[in-house]
Each structure stands twice: as C-alpha cells, then as structure tokens.
Number of protein chains: 2
Amino acid sequence: MKRRDMILVVSLKLFNEEGEANLTAVDIANELDISPGNLYYHFKGKEELVAELYKQFETGIVALLQGANDAGDTLEEQWLHLYVVLEYIYLYRFFFRNTTDLLQKYPAIDGHFRRLLEQQYQSIRAMLHNLLEEGVLASNCSEEIRIDELADNMMLIYTYWFEFQNLRKRQLNQHKFIQGAILQIMTLLAPYMGDMQRQFTEECNALYQRDKQD
Amino acid sequence: MKRRDMILVVSLKLFNEEGEANLTAVDIANELDISPGNLYYHFKGKEELVAELYKQFETGIVALLQGANDAGDTLEEQWLHLYVVLEYIYLYRFFFRNTTDLLQKYPAIDGHFRRLLEQQYQSIRAMLHNLLEEGVLASNCSEEIRIDELADNMMLIYTYWFEFQNLRKRQLNQHKFIQGAILQIMTLLAPYMGDMQRQFTEECNALYQRDKQD
DNA sequence: GTCTATATAGGGATAGAC
DNA sequence: GTCTATCCCTATATAGAC
C-alpha cells in the first residue's frame with residue numbers, strides 16, 4: 001500500500017473517531033509514525049486531505065444514487081438501497097459531524113456537499129412518488145400524503161442520526177447506527193403502508209439484523 | 001444596563017450568527033468597543049461566558065418543561081407549548097450548531113446538556129402518551145403506535161432543524177424556522193389523527209403564521 | 001473599571017540536509 | 001521520500017498604568 005493511500009486511510013479513521021477539527025497535522029503524522037514534514041510532502045495540509053476524502057465520498061454516493069434511479073421500484077430494492085447508503089454515510093461520518101463549521105472552513109467542498117444533499121433529497125422524493133403510484137404507500141384519510149415533508153424528515157435522519165445518537169448515548173457501532181436509522185424511517189412510513197407491506201419491511205429488517213449480528 | 005449584561009447580550013448575538021468556535025475574545029471585545037483586557041476583567045474567558053449563557057438557557061427551558069407537565073393535556077395547550085420551546089431554542093440556537101465539539105470543549109456543560117435533552121425526551125413521551133389515552137392520537141391499523149420512535153423523531157427536529165435548514169438554504173429567520181419545524185412535526189403526527197383533530201391543528205398553525213407575519 | 005503592552009502556547013507551513 | 005529545525009501567525013491570558 002502506497003504511503004499516500006495509507007495517510008488517507010488513517011486520516012479517515014481518526015477524523016471519524018475524534019472529529020476533523022480536533023486533529024492537527026502532527027496528530028495524524030504521529031499515528032502514522034512519520035514526521036509532519038513528510039505528511040506535508042504528500043498533502044499540502046489538512047485541506048487537501050479532506051478534499052481528497054470528500055472526493056471519494058461523493059463519487060461513491062453519486063454512484064449509489066444513480067444505481068437507485070436505474071434499479072426497479074420494488075419495495076425490496078428500495079429497502080436494500082437504504083442500507084447501502086447508510087453504510088456509506090457511516091464510513092465517512094465525520095462529514096456529518098459539525099458540518100456547518102467544516103464547510104465554512106473548506107469553501108471548496110461547501111458547494112459540492114450542498115449539491116449532493118439536494119440530489120439525495122430529489123432521489124428520495126422520486127422514490128416516494130414511485131411507491132405512491134404503485135400503491136405501496138397510500139393515504140389513510142381524506143388528506144394527501146406530504147411527500148416533500150416526509151423526504152425532509154428522511155434527509156434529517158440520514159444527516160443527523162449518528163450525531164444525535166452520540167449526543168445521547170455516546171459511541172455507536174455501524175450495526176447499531178443502521179438499525180436505529182432504519183427503525184426511524186420505518187416508523188415514519190409505516191402509517192402509509194398496508195398490513196402486508198408493513199410486515200414485509202419488518203421481515204426485511206429482521207433478516208438484515210440477524211445477518212449482521214456481531 | 002450593566003457592562004457584564006451587555007457582554008452577555010452581544011456574545012449571544014455573535015455566537016448565534018457566526019458560531020461559538022469562530023469567535024475570539026478579541027472579536028467580542030471589538031463588537032462592544034472595549035478592550036480585550038476589559039472583557040477578561042468581567043469573564044475569565046470564553047468558557048465562563050458560554051457557561052453563563054448556558055445557565056440562562058437551561059433555566060428557561062426547564063421552566064417551560066415544568067409548565068408543560070403542570071398544564072392540561074388538551075391539544076391546544078400542547079400545541080402552544082411547542083411554539084414557545086422552539087422560540088427558546090431559536091434564541092440560544094448556537095448551542096445546537098456543532099454541538100458535539102462544543103460539549104467536548106466545555107466538559108462543564110456536557111453533562112447538563114445531555115441531561116436536559118433526556119428530560120425533554122421524557123416530556124415528549126409523556127405528552128404523546130397522554131394524547132393517546134385521550135384518543136387524540138390513534139393507530140389506524142393493526143399495529144401499535146411507536147411512541148418512543150416518534151419522540152426520537154421530534155427530538156431530532158428540535159435539535160437539528162435549524163442547522164439542517166442552514167445547510168440547505170442558508171439563513172432563516174425565527175418565523176421561517178418555527179414554521180418549518182411545526183410543519184415537520186404535524187406531518188409526523190398527522191396520520192395518527194382523525195380528520196377533526198388534524199383540521200384543528202392546521203387552523204392553529206395558520207393562525208400563528210398570520211400573527212407572526214413580518 | 002478600563003486601558004495598553006506583552007508573555008505564552010499551539011498549530012500551520014516551509015527550508016534544507018540526508 | 002523522509003527527517004529535523006525553524007518561522008509565522010493567531011488566540012489566550014496576564015501585568016501594570018490610568
């Protein structure tokens with residue numbers, strides 16, 4: 001493994017664990033047992049490091065969103081898509097911790113990150129519209145379903161669920177993180193599902209939970 | 001107005017606008033047209049300043065939660081309570097921006113803030129239970145209502161709605177902030193309400209929006 | 001109470017030897 | 001590619017005059 005890649009891997013690990021703002025170039029160099037000067041040889045500074053990690057993240061997520069649009073609209077496929085997106089977010093979760101200050105500090109990333117969130121939002125809206133048209137979701141009363149607000153709420157879960165859990169219970173492994181996020185989304189959509197679909201999603205979730213048991 | 005109070009007022013304003021981490025003692029002194037040395041005479045540093053502001057915030061919120069428990073359980077009263085809590089959160093919104101790092105930086109506040117969130121969560125759960133018992137909320141299918149997850153979602157809105165909006169649309173005045181948050185919470189609970197209650201809440205909201213029109 | 005001046009510390013960044 | 005040494009800048013905090 002090239003040193004440059006090594007630096008990226010270790011930085012991602014440290015950023016996720018302690019937060020980007022709490023780490024100096026020296027800290028990262030220490031963890032790698034190299035000198036700070038050496039680190040600066042590979043990356044001009046933390047800025048370039050973060051930019052590179054963001055590029056990785058964006059590339060991956062955009063591919064996932066693309067895949068979701070291309071994929072069919074069955075409940076199963078949409079369900080699976082939720083898992084992989086959440087896994088990816090977990091992998092780069094430091095971007096979702098103190099996001100405001102992070103983007104303020106690195107304006108180069110700011111616009112890209114906001115555009116990505118917008119894409120994700122539109123992708124969720126499209127998915128909900130599809131599920132609605134196919135009758136998977138249905139209003140249970142005289143009122144229309146508020147797709148936009150439901151999509152907002154799902155974005156809220158995507159974006160802040162991890163930080164929220166840390167704020168309340170401290171630390172959370174990938175499995176617990178995804179488990180909780182999925183349960184939130186299920187609770188959000190359950191009232192619009194018939195008994196059959198709801199049972200199906202519960203089973204999907206139970207299956208996933210069993211597979212991932214530590 | 002005493003200088004000490006003046007410092008608190010101006011600090012709160014700046015913290016809300018630019019974020020606590022982005023302001024130095026010198027910045028605050030400049031805004032007040034006093035010298036940094038003078039600021040340090042009144043407060044040992046930013047830490048003491050933030051601690052004092054947090055004390056104000058906690059005192060206010062605890063009083064509101066207490067009031068909610070004492071008040072009746074009609075939908076109107078609970079509705080009004082939402083507004084005042086959200087107004088208070090908006091007033092001290094810098095605590096809800098980059099919260100993780102803020103609490104890490106000031107351990108003295110950390111425990112208190114977490115306890116406060118827990119109280120708020122329990123207060124919401126109690127409210128939902130009451131509304132359920134009185135038949136204001138009711139499940140529309142064979143499944144029980146997931147109170148805990150709904151309460152989690154409401155907490156998510158309380159805690160991150162403002163930061164989320166800033167992340168997507170930049171800037172938001174108090175009115176727009178509360179309007180959006182309320183709409184989210186309404187969307188969350190609407191499926192469990194009958195047509196009558198839902199119309200009532202819509203009217204409450206319309207009334208509030210008109211009153212607060214700029 | 002308020003000011004000016006200054007000491008101190010930490011992180012970011014580069015130069016130059018190896 | 002990698003290291004050591006060093007410089008610069010910024011923020012915190014204090015000392016002492018007014």
Side-chain angles (χ1 to χ4, degrees), chain A residues 1-54 94-95 97-110, chain B residues 1-54 94-95 97-110:
Chain A
M1 199 178 201
K2 288 254 182 293
R3 170 119 301 170
R4 193 188 138 87
D5 296 326
M6 203 67 174
I7 293 174
L8 285 170
V9 169
V10 169
S11 298
L12 179 59
K13 175 175 158 285
L14 290 179
F15 287 163
N16 280 335
E17 285 170 357
E18 321 214 10
E20 182 274 340
N22 301 314
L23 287 162
T24 71
V26 178
D27 293 327
I28 299 171
N30 282 345
E31 179 79 13
L32 283 152
D33 278 317
I34 62 174
S35 73
N38 191 356
L39 186 70
Y40 274 97
Y41 169 79
H42 290 284
F43 295 92
K44 276 202 187 71
K46 251 184 7 172
E47 169 137 23
E48 218 177 277
L49 207 46
V50 172
E52 187 63 31
L53 287 172
Y54 178 74
F94 82 91
F95 284 118
R97 169 177 166 166
N98 302 322
T99 313
T100 313
D101 279 356
L102 191 79
L103 296 182
Q104 195 165 328
K105 195 165 159 194
Y106 305 117
I109 297 179
D110 186 289
Chain B
M1 200 180 202
K2 287 253 182 293
R3 172 120 297 172
R4 193 187 139 88
D5 296 326
M6 203 68 174
I7 293 174
L8 285 169
V9 169
V10 169
S11 297
L12 179 58
K13 175 175 158 284
L14 290 179
F15 287 162
N16 281 336
E17 285 170 359
E18 322 214 8
E20 182 274 342
N22 301 312
L23 287 162
T24 70
V26 178
D27 293 328
I28 298 170
N30 282 345
E31 178 79 13
L32 282 153
D33 279 317
I34 62 173
S35 74
N38 190 356
L39 186 70
Y40 275 95
Y41 169 80
H42 289 284
F43 294 92
K44 275 200 189 70
K46 252 183 9 170
E47 170 137 20
E48 216 176 279
L49 208 45
V50 172
E52 186 64 31
L53 287 172
Y54 178 74
F94 81 93
F95 284 117
R97 168 178 168 166
N98 303 322
T99 313
T100 314
D101 279 356
L102 192 78
L103 296 183
Q104 197 165 328
K105 196 165 158 195
Y106 304 118
I109 297 179
D110 188 288

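We name chains A, B, ... by the order of the sequence lines, and we start the count at 1 in each one. What you see is a predicted model; the values in this text were computed from it and never measured.
Taking CG from A/N98 and CG from B/L102, the interatomic distance works out to 9.0 Å, rounded to the nearest 0.5 Å. One finds the CD1 atom of A/I34 at 11.5 Å from the OH atom of A/Y40 (value rounded to the nearest 0.5 Å).
Heavy-atom minimum distance, A/R3 versus A/N38: NH1-ND2, 4.0 Å.
Sorted by first and then second residue, the salt bridge (charged side-chain N to carboxylate O under 4.0 Å, His left out) pairs with a member in residues 37-54 of chain B read B/R4-B/E52, B/E20-B/K46, B/K44-B/E48; sequence neighbours excluded.
Using the six-membered ring where Trp is involved, A/F94 and A/F15 have ring planes that are tilted, between 30° and 60° apart.
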Handout entry: Under 4.0 Å protein heavy-atom contacts per nucleotide of nucleotides 3-18 of chain C, with B for base, S for backbone only and - for none
Key = BB------SSBB----
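For A/T100, the side chain to side chain donor-acceptor pair (under 3.5 Å) partners two or more places apart in sequence, or in a different chain, are B/E163.
The nearest whole Å value for the distance from the CD atom in B/E18 to the C1' atom in D/dA11 is 16 Å. If you measure from atom CD1 of A/I7 to atom C1' of D/dT2, you get 11 Å, rounded to the nearest angstrom. To the nearest angstrom, C1' of D/dG1 lies 14 Å from CZ of A/F43.
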N/O donor to acceptor pairs below 3.5 angstrom from side-chain atoms of residues 22-30 of chain A, sequence neighbours left out:
from, atom 1, to, atom 2, distance (Å)
A/N22, ND2, A/E18, O, 2.6
A/N22, ND2, B/D101, OD1, 3.3
A/T24, OG1, A/V26, N, 3.2
A/T24, OG1, A/D27, N, 3.1
A/T24, OG1, A/D27, OD2, 3.2
A/D27, OD2, A/T24, N, 2.9

Side-chain atoms of residues 5-13 of chain B: list all donor-acceptor pairs with protein atoms under 3.5 Å, sequence neighbours left out, distances to 0.1 Å.
from, atom 1, to, atom 2, distance (Å)
B/S11, OG, B/I7, O, 2.7
B/K13, NZ, B/E31, OE2, 3.3

Exercise for the section: Represent DNA chain C in dot-bracket notation, 5' to 3'. Only Watson-Crick or G-U wobble pairs with both distances under 3.5 Å count; pseudoknot-style crossings use [ ] and interstrand partners use |. Expected result: ||||||||||||||||||
